[in-house]
Structures are given as structure tokens and as C-alpha cells.
There are 2 protein chains.
Amino acid sequence: MESVLTEAVALLDEAGAPALTFRALAQRLGGGVASIYWYVASKEELLDRATDHVVGAVLADIEALPGSDDPIDDLRAMAVTLFDAIVHRPWLGAYFMRNTDIQGNALRLYEKLGRQTLRLDLSARQRFHAVSAITGVVIGSAVDLGQEPPEEVLDGTVTHDEFLSRFAQAWRELDSEEFPFVHEIVDEFDGHDDVDQFRSALDLTLAGLRLQAGA
Amino acid sequence: MESVLTEAVALLDEAGAPALTFRALAQRLGGGVASIYWYVASKEELLDRATDHVVGAVLADIEALPGSDDPIDDLRAMAVTLFDAIVHRPWLGAYFMRNTDIQGNALRLYEKLGRQTLRLDLSARQRFHAVSAITGVVIGSAVDLGQEPPEEVLDGTVTHDEFLSRFAQAWRELDSEEFPFVHEIVDEFDGHDDVDQFRSALDLTLAGLRLQAGA
DNA sequence: ACCTGAACACCGTTCAAGT
DNA sequence: ACCTGAACACCGTTCAAGT
């Protein structure tokens, strides 16, 4: 069982979600395709278990965080840790928190985040919504990352930055009367860092939360 | 071409993303499977074009919004309109804004959102991040919706609320020492409304933005 | 310019049968 | 308890051939 998950994660890490097939996995395990069904009832369950397996490591990282006297700073540190893990494993974005039933570690992570809100002056409903908002920011930012890059980028014929620049160039050629905003931000878009984008989104949410909590 | 997209959207609306296969689509169009490839180079392109097709309607709704003297209120109204569309077409969440190259309407929608930030006292970078944060909140909340509900719910054997309650019940049985936060919010979770959750997340982001803009 | 039938290579899943 | 080979029903995609 353990090795099924380890190899599944290895496949996901090496070549993304489409690479994880029962046939590829069976080959790596040196067995038949049907064997996997003894450990797992469906591909969905395989994905859920593989996801929870790596979320376990993220959870350990989060538990190792020092912690401070400011719950909102602690929330930020946890969310950043989680996002970092997704940056390194883009496929995580699509499956994380999909099924809190099987995904026990996801639930523990949810609890860890939520516990910080207990230190804030909020109603239960506000706490529930606050944690949803934070995981939403993480997932919303991560979905971008989860997309398979076009094959030119995978080939190495074109770098990720060049790919962005090509987009930016197309935007620059748009009519500036019709697209004033696109022109305003095209230089920011060109070569932008996904992590910066995430941190800004997170900071807006946390600023709103701080205001709400009067902290 | 038009009818290809109309029927593709119809299939997606009726039974979700897995229902859209070339074979099912060809049958509805009364032709062969290969014919579709004359209009579209791949399934990815089909999905992109179908998505952009419906985003066109959302864009029209957003352009019909009255508008106010508060850009942040206008941003909220636009985001809510967009989220509403995704609530009624959950499959949208997974494909919306995936490819701004082909998806011309998505770009126009992005422009519409961004133009509101031009009315705020922000830097170009802050504007770029603000719009990313808002679309991130929409997508982060929508991903939840896009998940195929378990077949018991599709069957009608169990309502959506009953499904939530069953989860809530499992949570209530967790150790309250180990999961204080889960216990704190379980009554909020039970029977919660996705739209409320989204609006709260959006409001936190917009509150943060208002603070940043000093408006 | 537009459509077709038939094939190809690949999926997840099942099942009777083995140890 | 654990594994297997072989089949099944289904995918997206291609291609030579038709009008």
C-alpha cells in the first residue's frame, strides 16, 4: 500500500496528473494492472490517497512553524507553507481538499488553520468563512499552476518567461482605447511571479480579516 | 460551428464535463465523430471555445450592470454576477480563464474588472494583483462547485443538504480536544450555502483592497 | 469546403482464475 | 490475503476516401 502511494506520487511529480495511469503505475510496481485494485477501489480513491499522503508532509511542515503572538501572521505563514508545497507539486492544486472524508490530513490541516481563528474576536460563522476564504485564496491561486504548460515550454524550446512575454506582446498590440486596463498592467504581467501574486491576494484577505476582528 | 458550440454547452449543462465526448457530441449533431475535427483541432480547443461562448453571455450581464460611484461596489457586483454564472454552470469553474489567448471574452471580462481599479488610488502592480485576487476568489470558490457530486446526490436518493449533514455528523464525532475548531464551526458547515461562503471571501478581499486604496 | 467509416493507441474497470 | 491475464467498454485522434 505504502509503495503504491509512493510510486503514484513519484509519477505525479515527474510528469503531472496525466502520467498517472494504472498501467504506468503497475509497470513501476512490477506487477499487473489489476493488482492495484486490491489496494484502491478506483482512480479517484488513488488520487485522494496520493494527495493526502503528501498533505501529511505539508502538515508536518506547518506544525513545525514557530508561531507568534499574532494569529493572523500565523495564518499567513501556514498559507504560504501550503502554497509553497503546491508550487513544487502543481498537480496538488487540483485534488487538495476535494474529499475531506478520505483525506484525513487535509482535515487536520483545516483544523490547524482554524485554530488560529479561535484566537481572534470573531463569531463561529466568521471563523468558518475566514478559513474558507484562506483555503480559497490558496486554491484559486494554485489552479493556475496546476495547468499543464504548453508543450513548447515542456520541450524547453521556450522558457516560462518567454511564454509570458509572448502573451504580453499580444496584449500590447490590443487597442488601448478598448483595453486601458490591460495596457496599464501589461508590464506587471510580463515576467510576473506567481508567488508574489498569491502573497498579494492572501494579504488582501488577511487585511480584511484583521479589520473584521478589530485586531 | 455555432451549433457545435451550442450543443457542446448543452451537453456540459445537462451532465457535466465528463458527458462531453466527441461521440456524444457527434450523435447530437447527427454526424460522424471526425466531422468535429473540421471545426476544432482538439478537445482542449472545444472546451476553450465552449467556455468562451458562455463567458460572452456573462460579459453581457456584467456590461448591463448599472454601476455606481464606488468602484469597489462595482467590483463586488461584477464578481457576484460571474460567480452566479458558475453556480448555474459548475463545469465553468474548471475551464474559465484557462487560456486567455483563445478566450477573447475572458480577456474582455478581465478588462472590465480591471477598469474599476483604475478609479482607485493604486499602483499598476497593486491593480494587477487586485484583479488577480478577485478572480482568484471566484475560481477558488468555484472549484468546490465544479466537483462532480457523488452519485447518491445525482441519483436523488440523498439531497445535497443531507450529504452535508452526513459529513457534519462525522465531524461531530471527532475528538473535541483534538479538533476544537471543527467543533466550533460544524453547525455553520451543516447546511451552509456556497454563495454565502463566496460572498464572505469576496468581502474580505474587497475590504483589504479598500484599505489599501485608502477609499 | 465539408463530411464519413473505420481504424489506432490508449484509457479505467471487471472477473474468473491462480497462489 | 494477494496477485494475474485477458477481456470489456469506452476514450481522443488520424486518415484515406468520399461529395
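Chain letters run A, B, ... following the sequence lines, proteins first, then strands; residues in each count from 1.
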- Roughly, in whole Å, what's the span from OH in Tyr39(A) to C1' in dA1(D)?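 Rounded to the whole Å, the gap is 9 Å.
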- Figure out the CG/C1' separation between Leu46(A) and dC11(C), and round it to whole Å.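 Those two atoms, CG and C1', are 14 Å apart.
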- Task: Quick one: which residue pairs count as a side chain to side chain donor-acceptor pair (under 3.5 Å) with a foot in residues 130-143 of chain B, not counting sequence neighbours?
- Result: Gln197(A)-Ser132(B)
- Item | Short side-chain N/O contact to dT4(C) OP1/OP2 from Ser35(B), under 4.0 Å |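 It does, given that an N or O in the side chain of Ser35(B) lies less than 4.0 Å from OP1 or OP2 of dT4(C).
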- Geometric class of the Trp171(A)/Phe167(A) ring pair [parallel <30°, tilted 30-60°, perpendicular >60°]: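 Ring orientation, 0 to 90° scale: perpendicular.
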- Item | Identified side chain to side chain contact (heavy atoms under 4.5 Å, CB included) partner of Asp190(B) from the options Gln169(B), Arg166(B), Arg172(B) |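 With Asp190(B) as partner, Gln169(B), Arg166(B), Arg172(B) yield a single side chain to side chain contact (heavy atoms under 4.5 Å, CB included), made by Arg172(B).
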- Message: Please give the stem ranges for DNA chain C, sorted by first residue number, where a stem is three or more consecutive Watson-Crick or G-U pairs and both donor-acceptor distances are under 3.5 Å.
- Response: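 Runs of three or more consecutive pairs: C:4-8 with D:12-16, C:12-16 with D:4-8.
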- Measuring from Ile139(B):CD1 to Ile134(B):CD1, what's the distance to the nearest 0.5 Å? 12.0 Å
Protein-nucleotides 13-16 of chain D N/O pairs closer than 3.5 Å?
unit_1  : atom_1 : unit_2   : atom_2 : d
dT13(D) : OP2    : Tyr37(B) : OH     : 2.9
dT13(D) : OP2    : Lys43(B) : N      : 2.8
dT13(D) : O5'    : Tyr37(B) : OH     : 3.1

- Message: What's Leu25(A) touching, base or sugar-phosphate or nothing? Going by heavy atoms closer than 4.0 Å.
- Response: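 No contact.
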- Looking across every strand, which nucleic acid part, if any, lies under 4.0 Å from Leu29(A) by heavy atom: base, sugar-phosphate, or nothing? nothing
- Message: Considering only residues two or more places apart or on different chains, which pairs with a residue in residues 31-64 of chain A satisfy ring-ring contact (aromatic ring centres under 6.0 Å, His included)?
- Response: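 Non-adjacent pairs meeting ring-ring contact (aromatic ring centres under 6.0 Å, His included): Phe22(A)-Tyr37(A).
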- Partners passing ring-ring contact (aromatic ring centres under 6.0 Å, His included) against Phe179(A) (at least two apart in sequence or in another chain):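 Partners of Phe179(A) under the ring-ring contact (aromatic ring centres under 6.0 Å, His included) test: none.
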- Query: Who passes ring-ring contact (aromatic ring centres under 6.0 Å, His included) against Tyr95(B), sequence neighbours left out?
  - Reply: none
- Message: If you only use heavy atoms from C-beta on, which nucleotide in dC3(C), dG12(C), dA1(D) is closest to the side chain of Thr21(A)?
- Response: dG12(C)
- Item | Salt bridge present between Glu44(A) and Arg49(A) (N-O < 4.0 angstrom) | no
